[in-house]
Amino acid sequence: MYLIKEPLSPSSAISLSSIVGCGTRSFFHSPPSTLHELPPPPSLSPPTTTATSATMPTSSAATLSSDPILDRLSSDDSEIKLIAIREVKNHIIGNRTKKLFYIKLGAVPAVAAALADSDSNSDSDFNLIVQSVAALGSFACGVDAGVSAVLEAGAFPHLIGLLSSSNDKVVDAAARSLRMIYQSKLAPKYDFFQRDNIEFLLSLLRSENENLTGLGAGIVIHSCETSAEQNILCYTGALEKLTTLLSGSLSQRDSSLESLAAIIKNNPEAICKFVDLHSGRALSSITELMKDRYPRTRLLACMCLICVKNSSSSYLQDIGIKTKLVNILLELLDDSGQVGDEASFAFSSLIAEKEDLQKLAFDANAIDKFHSVLQKHPLHPKRLEGVFLALADLCSKLECCRSSFLSSQVLNLVVDALTHDDASVRTAACICLRSVSRSIKNLSAGRFMSERIVFLLVRLLSDLSTSVQVASLGAISNIVVDFLPHKSTFMQSGGVKELVQLTKAMDSSLRVNAVRALRNMLFQTDKMCKEVIFVELTASSMASLICDPEPSVQEQALALVRNFVDGCVYSVEYAFAEDGIILDAVGRQLRKSPTVEVGIQGLYALSNIASGNEFHKDAVMQLLFPQAENRSQSFFNQFLQSNDNHLRTAAIWVIINLTFPESPGAFGRIVNLRSFGIVSQIKKMFNDSCMDVKFRARFALAQIITFGDS
Amino acid sequence: MSSLFWRPAGNEATQAMAVSKKVMTREEWEKKLNDVKIRKEDMNTLVMNFLVTEGYVEAAEKFLKESGTEPAMDLATITDRMAVKKAVQNGNVEDAIEKVNDLNPEILDTNPQLFFHLQQQRMIELIRNGKIEEALEFAQEELAPRGEENQSFLEELERTVALLAFEDVSNCPLRDLLDISQRVKTASEVNAAILTSQSHEKDPKLPSLLKMLIWAQNQLDEKAAYPRINDLSKATLEDPAV
């Protein structure tokens with residue numbers, strides 16, 4: 001098809017090349033790649049605020065030390081002290097506001113001091129120890145400011161010490177409080193590589209006491225992250241011990257499932273070890289737990305199985321188990337609590353990037369299910385975030401999912417969430433929009449270019465949260481690839497100005513996404529649109545984006561240039577503005593032996609420029625093959641000899657446009673190309689292993705040969 | 001206790017309608033039942049499970065002594081659990097909260113719904129005792145922040161606070177909150193949470209078995225006429241209506 005059309009006129013040939021190479025690339029390929037580049041959604045509790053409140057106790061303690069409760073907490077009379085500690089404990093349990101109040105008051109160091117002063121061997125101090133340990137644990141439960149206050153007060157080693165107390169109640173209380181601390185990211189990282197630590201962990205896991213085994217599992221869940229840590233836990237017996245807890249009590253089963261997931265996640269070696277344990281029964285007992293009575297256990301079992309399935313090619317790959325996982329997770333969405341909130345995240349990890357699972361989920365009416373979840377009110381931000389991300393994954397590949405999404409009223413709910421108070425929800429809503437707007441059919445119908453959507457998205461470009469900005473850029477990148485002249489909606493909303501501002505951001509993820517959005521906006525657009533963007537962006541900024549320190553930004557900037565100069569001759573002129581500053585930058589970047597992606601975009605940009613008039617073609621010749629250069633070692637030859645099919649294709653396209661037979665200077669250029677060894681190199685590609693390269697090479701040779709073969 | 005058992009209604013009607021059903025006489029039926037073997041230990045375990053879950057400590061102690069059946073949990077913890085339950089049933093919610101916290105501080109720290117219900121019950125008790133100012137202050141200090149943290153509590157919170165608006169609470173549309181059944185509801189919620197924290201099932205097994213019996217009988221009704229058990233407390237086989 002290209003071969004028929006291309007010879008007709010140089011510019012149409014080039015348009016085609018740029019559609020195939022550039023337009024479609026930016027459209028079909030770059031949106032999915034955006035998904036990879038996005039940072040994970042930020043956690044709900046922003047560490048910055050907790051950090052400030054954590055530092056408060058010291059200062060406020062000084063000013064408020066006259067508070068009677070503080071006096072009583074540090075009273076010399078142990079009876080008064082005990083009553084005060086118990087009173088604080090009973091006030092704060094379950095009560096976040098009270099926890100924060102007492103933390104600010106400076107109660108944590110006072111309680112920690114009472115614990116440190118007590119004598120763990122004395123019977124009379126026993127109650128004081130239990131009460132203060134429980135109070136410290138409650139401060140740490142669910143409140144990061146409490147965790148850091150407890151750690152700063154130096155209570156951690158005391159709590160560890162109490163685990164070896166001879167009194168069971170003391171051991172229970174200490175284990176519970178430590179478990180609370182380990183549930184927070186702020187807890188100190190446990191070093192599994194120290195022999196003593198591993199021994200201690202194993203002794204916890206071997207204990208008869210549920211609180212101690214629970215603490216052991218909690219430590220693994222908190223601190224096992226790298227594959228080296230996973231492996232050491234596999235080979236020292238921790239994995240085996242945790243597996244036996246699967247047949248333990250309710251809480252042991254749950255913590256076992258969660259810690260096993262931490263050990264085997266993304267680690268095929270650990271998975272093999274795990275599957276072989278107890279002659280293969282471990283995996284089947286987890287499969288059984290998928291059907292457990294308790295929703296939390298079902299969820300954790302699913303998450304564990306997803307870890308196995310995702311990083312192994314030999315286990316859990318049959319359709320039966322996949323369908324089961326999809327159905328169970330969809331059912332768990334009905335849980336109104338935390339389990340329901342987390343189920344959608346687990347669902348995402350199951351279907352992300354996997355078309356077969358997305359199809360299974362579609363067949364299980366997942367879109368309807370999520371729609372009905374969204375209709376319940378009020379929804380916790382975590383729930384909204386999870387549902388939007390799950391919908392984003394569902395719609396990332398399959399058009400049937402996107403159609404179903406768009407035919408229900410989900411789109412309105414997602415758009416509403418663009419103004420949600422919670423930044424994670426706004427981010428998730430943008431990610432969802434980006435995924436759905438990959439639908440070419442609906443995109444070309446201008447479905448997403450409504451004033452409301454565009455207005456809200458543009459407003460998010462100046463959001464305080466970087467992840468919201470990046471996600472919004474992602475959505476905009478897709479919806480500006482518009483086949484109809486709807487782009488004016490976007491331009492009228494002031495979007496271009498915002499995008500250009502973001503190309504100058506310090507954060508490279510903002511720069512790369514902003515440039516990508518502009519690049520997509522330039523895809524097959526008209527003169528007016530190009531003019532607006534060019535004036536706003538300026539040639540010198542484009543040149544500096546091409547030379548950005550980040551290769552990903554360079555790639556997008558070159559793709560942007562490529563779309564700018566695509567089309568009629570007036571388009572090509574953009575490359576020559578400000579004394580050709582853009583063209584120079586392209587040439588400089590190509591000579592620096594760039595990454596494959598950067599090279600491809602740079603070559604296509606040159607190919608488009610070479611489709612212009614004689615002046616343009618000669619400028620490209622001069623850039624690639626300067627007279628003064630050593631003719632036997634042209635850097636351009638390296639592109640023709642690259643291992644990458646796309647790069648070779650792009651390089652040949654440049655040659656095709658430089659040798660277009662009807663242009664007057666073609667003969668002279670061919671003579672030059674011969675002297676640089678390019679023609680002989682292309683001859684070697686006559687039977688290239690890549691079909692695309694082979695066809696282009698033959699096409700180029702056919703053009704060259706019209707002027708004779710020597 | 002009687003609320004644990006329920007009696008299906010309308011089985012006579014279904015029996016009358018079926019014509020071609022198989023008929024089992026009482027003798028045949030009893031013979032079949034005699035062939036089923038039940039282990040004594042299983043019976044004892046079920047009884048012990050019932051006593052322990054429902055909190056009959058003394059009975060459980062006696063039963064342990066007489067039958068040698070080991071309870072699945074430390075009997076001392078049952079006493080503690082019953083003390084909590086009783087405190088709620090008597091309206092001493094603050095006392096109950098302190099007792100739960102001594103038993104295991106995690107229960108109320110990780111169960112916001114239960115914590116909210118206990119606080120709500122506390123407020124109800126204040127209103128019941130006419131301590132209106134204290135109730136108002138309590139609502140602002142304790143309940144309002146819970147509603148902010150979790151929107152799903154808001155509706156219940158509003159209903160409870162609305163009690164304050166009525167002069168005569170015993171005759172207002174929200175009087176169900178003041179009913180003793182509200183205390184029982186809260187008490188059993190606490191009871192269940194404590195049991196779960198002890199890794200114990202929150203419901204005894206016996207009622208589930210009886211539910212299953214009734215379900216099985218209902219299934220069988222469609223296929224056969226047989227001596228049915230209608231009164232669960234007596235477990236007498238009734239002659240099939242032919």
Side-chain angles (χ1 to χ4, degrees), chain A residues 83 86-101 127 130-143 146 168-169 172-173 175-177 179-180 183 210-211 213-214 248-255 293-294 296 336-338 340 376-383, chain B residues 72-74 76-77 80 93-120 122 138 140-158 190 192-203 205 208:
Chain A
I83 293 173
R86 189 161 182 267
E87 187 181 311
V88 170
K89 181 197 81 173
N90 282 321
H91 276 174
I92 61 171
I93 288 181
N95 196 326
R96 194 185 160 84
T97 4
K98 286 272 167 66
K99 283 181 193 179
L100 292 170
F101 171 79
N127 207 3
V130 170
Q131 294 295 333
S132 49
V133 167
L136 292 171
S138 181
F139 275 121
C141 176
V143 179
D168 285 349
K169 288 224 158 109
D172 282 340
R176 279 193 195 115
S177 296
R179 200 148 40 87
M180 292 299 168
Q183 275 173 9
E210 271 192 36
N211 286 312
T213 52
S249 72
L250 178 66
S251 72
Q252 284 178 324
R253 268 177 358 197
D254 284 3
S255 48
R293 290 177 48 191
Y294 292 91
R296 174 137 205 98
S336 59
Q338 225 186 335
K376 287 180 199 137
H377 286 285
L379 286 174
H380 195 273
K382 190 94 199 159
R383 170 79 59 136
Chain B
M73 63 165 68
D74 182 3
T77 63
D80 295 333
V93 186
E94 205 174 343
D95 185 35
I97 291 178
E98 288 180 8
K99 285 194 161 77
V100 179
N101 289 345
D102 279 339
L103 209 56
N104 179 353
E106 237 179 294
I107 297 175
L108 295 183
D109 241 342
T110 54
N111 199 335
Q113 180 157 337
L114 173 65
F115 183 69
F116 173 77
H117 285 149
L118 280 168
Q119 299 286 54
Q120 180 192 28
R122 236 173 117 179
F138 184 77
Q140 280 173 351
E141 284 243 332
E142 302 289 339
L143 288 182
R146 304 288 85 71
E148 273 171 40
E149 282 162 22
N150 194 329
Q151 293 208 329
S152 58
F153 298 155
L154 270 182
E155 202 176 313
E156 280 181 87
L157 175 62
E158 281 164 11
V190 187
I194 298 175
L195 281 170
T196 307
S197 78
Q198 292 165 344
S199 284
H200 196 281
E201 303 266 339
K202 59 186 198 296
D203 300 308
K205 310 272 187 203
S208 331

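The chains referred to below are lettered A, B, ... by the order of the sequence lines, with proteins before strands, and numbering in each begins at 1. Computed over heavy atoms, backbone and side chain alike; hydrogens, waters and symmetry mates excluded.
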Chain A heavy atoms under 4.5 Å from B:N111: which part of the residue, side chain, backbone, both or neither?
neither

Looking at B:E94, B:E201, B:E148, which makes the most heavy-atom pairs under 4.5 Å with chain A?
B:E201

A:R253, part contacting chain B, at a heavy-atom distance under 4.5 Å:
neither

In short, A:S249 meets B:S199 closest at the heavy-atom pair OG-OG, 3.2 Å

Interatomic spacing from CG in A:L250 to NE2 in B:H200 - rounded to 0.5 Å
12.0 Å

Contacting region of A:E210 [heavy-atom separation from chain B under 4.5 Å]
side chain

Portion of A:L379 that has a non-hydrogen atom of chain B nearer than 4.5 angstrom:
neither

Are any non-hydrogen side-chain atoms of A:Q338 and B:T110 less than 4.5 angstrom apart?
no

Which pair of heavy atoms, one from A:R176 and one from B:P105, lies closest together, and at what distance?
NH1-CD, 3.8 Å

For the candidates B:L114, B:L108, B:N101, B:T196, which exhibits the highest count of non-hydrogen atom pairs separated by less than 4.5 Å from chain A?
B:N101

For chain A, which of B:L154, B:V100, B:I107, B:N104 has the most heavy-atom pairs under 4.5 Å?
B:N104

Inspect the contact between A:K89 and B:D102 and indicate whether a charged nitrogen and a carboxylate oxygen are less than 4.0 angstrom apart.
yes

Does any backbone or side-chain atom of B:P112 lie under 4.5 Å from a heavy atom of chain A? Answer side chain, backbone, both or neither.
neither

Checking B:E142 against chain A: side chain, backbone, both or neither under 4.5 Å from a heavy atom?
side chain

Walk me through whether A:I93 and B:E106 qualify under side-chain contact (heavy atoms from CB on, under 4.5 Å).
CA-CA 8 Å; A:I93 288 181; B:E106 237 179 294; over 6 Å; no

Interchain contact, A:K169 with chain B, by part (heavy-atom threshold 4.5 Å)
neither

Given side chains that start at C-beta, do those of A:N95 and B:E141 come closer than 4.5 Å, heavy atoms only?
no

Student check: side-chain heavy atoms of A:T97 and B:E149 closer than 4.5 Å:
yes

